[in-house]
Amino acid sequence: MQFEPREQFEQRQKKLEQIEALGYEPFPREFRWTDTPLALVEKYGEKSAGELEAEKLEVRVAGRLVSLRLMGKAGFAHLQGSGKRIQIHVKKDVVGERGFSLFQLLDLGDLIGVRGHLFRTKTNELTIRVDELSFLSKSLLPLPEKWHGLTDVEMRYRQRYLDLIANDHSRQVFVARAQIIKELRRFFDERGYIEVETPMMHPIPGGAAARPFITHHNTLEIDLYLRIAPELYLKRLTIGGFDRVYEINRNFRNEGISTQHNPEFTMLEFYEAYSNYRDLMELNEELFALLAMSITGSTLVKYGEHELDFAKMQRLTMREAIVKYWPREAGQAPTEAELAAPGGPRAITERYNGWAKANGAPYAASKGTVKDGEWTGLLFETMAEDRLIQPTILYDFPTDISPLSKQKPEDPTLTERFEIYIAGMEVANGFSELNDPAEQERRFQAQIAQGGEEVPKALDVDYIRALCHGMPPTAGEGIGIDRLTMLLTDSQSIRDVILFPLLRPEARQDSASGAGGA
RNA sequence: AGGGGCGUAGCUCAGUGGUAGAGCAGCGGCCUUUUAAGCCGAAGGUCGUGGGUUCGAUCCCCACCGCCCCUACCA
């Protein structure tokens, strides 16, 4: 076991031995505390020096040493815990010879506990006069620099614990993430939903279009796929009588990595029997406003250069969005009727691409797609998606790109499906669930016939059989928790809201590989 | 995968074709109300890795590794 900086590592190990020689346990088992640093600041932050003197309250607090100013026979330091710091004052004539020897052997980063009482210094800072010092754990490696903190992005991701110690903002983001998930649970629990867990390893990966990760089960001697969506299992549960279910957990998609994509990401999926997609739209408006309010304190949320208004959501059909965001420079915008006509979307895409390619604008890459609905989806993505900054419900998706959604009764080329776009990101996807087993089988077969890496290779016969047992009319939706967290914490990269985002494993260059005995 | 940028002390960063500096942290010394503590002293680097050009490379060129951004794939 040997890590850089070697010299400091060895010095600190020696200090640990000296601490042990003083009679302190090097790795004690517990510390009984009365308050966290945060609790002290909250409880006594307003009390005057006189009030504190009169009460002479004894407190016991544990934390990490994050600043240290030693002056001969006394010293000040800050203990960090619960995201806050509290100053301590250690005097030799109070803690005694042994206690002060310990204090002198401490390094920034060490974990200690103190017993003492509160007072205010000359500069009026709330401080603990330490009567007794407890050694709790040694930091053998130095903390990042105290003033600039840790800014190296790579180290912030790889060694997130350092980021969390050094950067309070980072800690706040993950606290907010936890609150978001808690609020989501509360929201759905209150509405009679039951939380479930469905398999992460699927024999047939379904419920979305994505390339899966492959793994293997030894005893069964079968390949399994890390799930790309829980959808098909959750719908089996609505068949089983769980009329309102949700699951919050990871999905895995073997795709690229970007500021908006991590190979494993967290989704909330929920299903509500006897409702349709319009009901979900209303539920979403309520949910997003409530979340914004409870996490940020307002329905107006700063995100980068934008101020997002979660109090209202614009609603647009996909065709309306194409008409609305059609670039003026590309000539006359198509009409919705043209987009609805057979062959229309393809002709319109070709017209648009002609202009886009001549003018260096993004164009709709066809990659072998042929159906009208696919052209429509491409057109939307090309010209409208990243312009949907304010929360927008985009609805009425083409059937061609919505294999699990129920068709609109008046227009079978469209489905009762919507997605929510905020800051140009897709954050939710919901629809009236297709529960006609024959139609579902047709759509699956069509997918398989079309082929492609993102499409299941085999028909999920059990799912079709489940539908044959009768699924109630149901509306279901998935919400991307990582992206939602980005929006509510003003984070520009998904890696800033995932504690340990996937990075390429670092090549071991130092001797740390010899740490096998740890 | 393609394009652009970055990689110098443990951390945050300067810098130059003649083998490197600052602040903080660390080490030694002084200091019992300091707070980015101060003062004095000493130490710390195969300048991401490997080639090449050159009398000489941390700097110029090439390749590789890692990270970031954009594009592509995708939610």
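Throughout, a chain's letter reflects where its sequence line sits, starting with A, and its residues are numbered from 1.
In terms of phosphate contacts, R211(A) brings no side-chain nitrogen or oxygen within less than 4.0 Å of OP1 or OP2 of C73(B). Here R504(A) reaches the OP1 or OP2 of G66(B): one of its side-chain N or O atoms lies under 4.0 Å away. Under 4.0 angstrom from either OP1 or OP2 of A37(B) there lies at least one side-chain N or O belonging to R69(A). OP1 and OP2 of G10(B) both lie 4.0 Å or more from every side-chain N or O belonging to R6(A).
Pairing for A1(B) is with U71(B), a Watson-Crick or G-U wobble pair whose two hydrogen-bonding atom distances lie under 3.5 Å. Of all nucleotides present, none satisfies the Watson-Crick or G-U wobble test against G17(B) with each distance under 3.5 Å. Under the Watson-Crick or G-U wobble criterion, with both distances below 3.5 Å, G38(B) is paired with C30(B). A 3.5 Å limit on both hydrogen-bonding distances identifies G10(B) as the Watson-Crick or G-U partner of C24(B). Across all strands shown, U49(B) is found opposite A63(B) as a Watson-Crick or G-U wobble partner, with both distances under 3.5 Å.
Nucleotides C59(B) and C11(B), compared at atom C1', are 24 Å apart to the nearest Å. When the C1' atom is used for both C24(B) and A9(B), the distance is 12 Å, rounded to whole Å. Remark: the separation of the C1' atoms in A36(B) and G23(B) is 10 Å, to the nearest Å. Using atom P as the reference point in both G48(B) and U12(B), the two lie 15 Å apart (nearest Å). For the P atoms, the distance from C67(B) to U54(B) is 35 Å, rounded to whole Å. Here the separation of C65(B) from U46(B), taken at their P atoms, is 23 Å to the nearest Å. Comparing A22(B) with C40(B), their P atoms sit 14 Å apart, to the nearest whole Å. Look at the C1' atom in both U34(B) and C39(B): the space between them is 15 Å, to the nearest Å.
Distances from the side chain of R253(A) to the nucleotides A37(B), C11(B), A75(B) place A75(B) closest. Nearest nucleotide to the side chain of K15(A), out of A25(B), C67(B), G26(B): G26(B). Side-chain proximity of K73(A) to the nucleotides A75(B), C68(B), U32(B) is greatest for U32(B). Among A75(B), U33(B), A25(B), the nucleotide with an atom closest to any side-chain atom of R483(A) is A75(B).
Ion pairing of D163(A) with R171(A) is absent here, as no side-chain N (NZ or NE/NH1/NH2) approaches a carboxylate O to less than 4.0 Å. Salt-bridge check for E46(A) with R120(A): failed, with every basic side-chain N at 4.0 Å or more from each acidic carboxylate O. With respect to E285(A) and R315(A), a salt bridge is recorded, a charged nitrogen being found less than 4.0 Å from a carboxylate O. Ion pairing of K14(A) with E10(A) is absent here, as no side-chain N (NZ or NE/NH1/NH2) approaches a carboxylate O to less than 4.0 Å. Remark: E433(A) does not engage K406(A) in a salt bridge, criterion side-chain N to carboxylate O under 4.0 Å. Ionic pairing of E42(A) and K84(A) is not present here: no N-O contact between side-chain nitrogen and carboxylate oxygen is shorter than 4.0 angstrom. A salt bridge links K15(A) with D107(A): the closest approach of a Lys/Arg side-chain nitrogen to an acidic carboxylate oxygen falls below 4.0 angstrom.
Across all strands shown, G480(A) has no heavy atoms under 4.0 Å from either base or sugar-phosphate atoms. Among the protein residues, G478(A) comes within range of no part of the nucleic acid, since none of its heavy atoms lies under 4.0 Å from any strand. Nucleic acid contact class of F9(A) (heavy atoms, under 4.0 Å, all strands): none. Among the protein residues, M267(A) comes within range of no part of the nucleic acid, since none of its heavy atoms lies under 4.0 Å from any strand. Note on T259(A): only backbone sugar-phosphate atoms sit closer than 4.0 angstrom, heavy atoms only; bases stay farther off. Among the heavy atoms of the strands, none lies under 4.0 Å from A166(A). N262(A) comes within 4.0 angstrom of a base, heavy atoms only. Residue K91(A) is in base contact, counting any heavy-atom pair closer than 4.0 Å across all strands shown. Looking at heavy-atom distances under 4.0 Å, E419(A) makes no contact with the nucleic acid at all.
We find that CD1 of I420(A) is positioned 16 Å from P of A75(B), with the value rounded to whole Å. For the pair E7(A) CD and C11(B) C1', the interatomic distance rounds to 15 Å; values are reported in whole Å. Nucleotide G26(B) holds its C1' atom 6 Å from the CD atom of Q11(A), rounded to whole Å. In this structure, NE2 of H148(A) is placed 16 Å from P of A22(B), rounded to the nearest angstrom. Separating the CD atom of E154(A) from the P atom of G48(B) is a distance of 14 Å, rounded to the nearest angstrom. In this entry the distance linking CG of L388(A) with C1' of A75(B) reads 15 Å, nearest Å. The CG atom of L143(A) sits 14 Å away from the C1' atom of U12(B) (whole-angstrom rounding). The nearest whole Å value for the distance from the CZ atom in R495(A) to the C1' atom in C67(B) is 9 Å.
A donor-acceptor contact under 3.5 angstrom links the side-chain atoms of D93(A) to the base of U32(B). With hydrogens and angles left out, the side chain of T151(A) and the base of U12(B) share no donor-acceptor pair within 3.5 Å. If you check distances only, the side chain of R129(A) does reach the base of U33(B) with a donor-acceptor pair under 3.5 Å.
Classified by interplanar angle (parallel below 30°, tilted 30° to 60°, perpendicular above 60°), the ring pair F418(A)/Y277(A) is tilted.
Summarising the local packing, CZ of R250(A) is surrounded by 12 or fewer heavy atoms from other residues, nucleotides or ligands at distances under 6.0 Å.
Residue whose closest nucleotide on RNA chain B sits further toward the 5' end, between E125(A) and P144(A): P144(A). The residue among F76(A) and L70(A) whose nearest nucleotide of RNA chain B lies closer to the 5′ end is F76(A).
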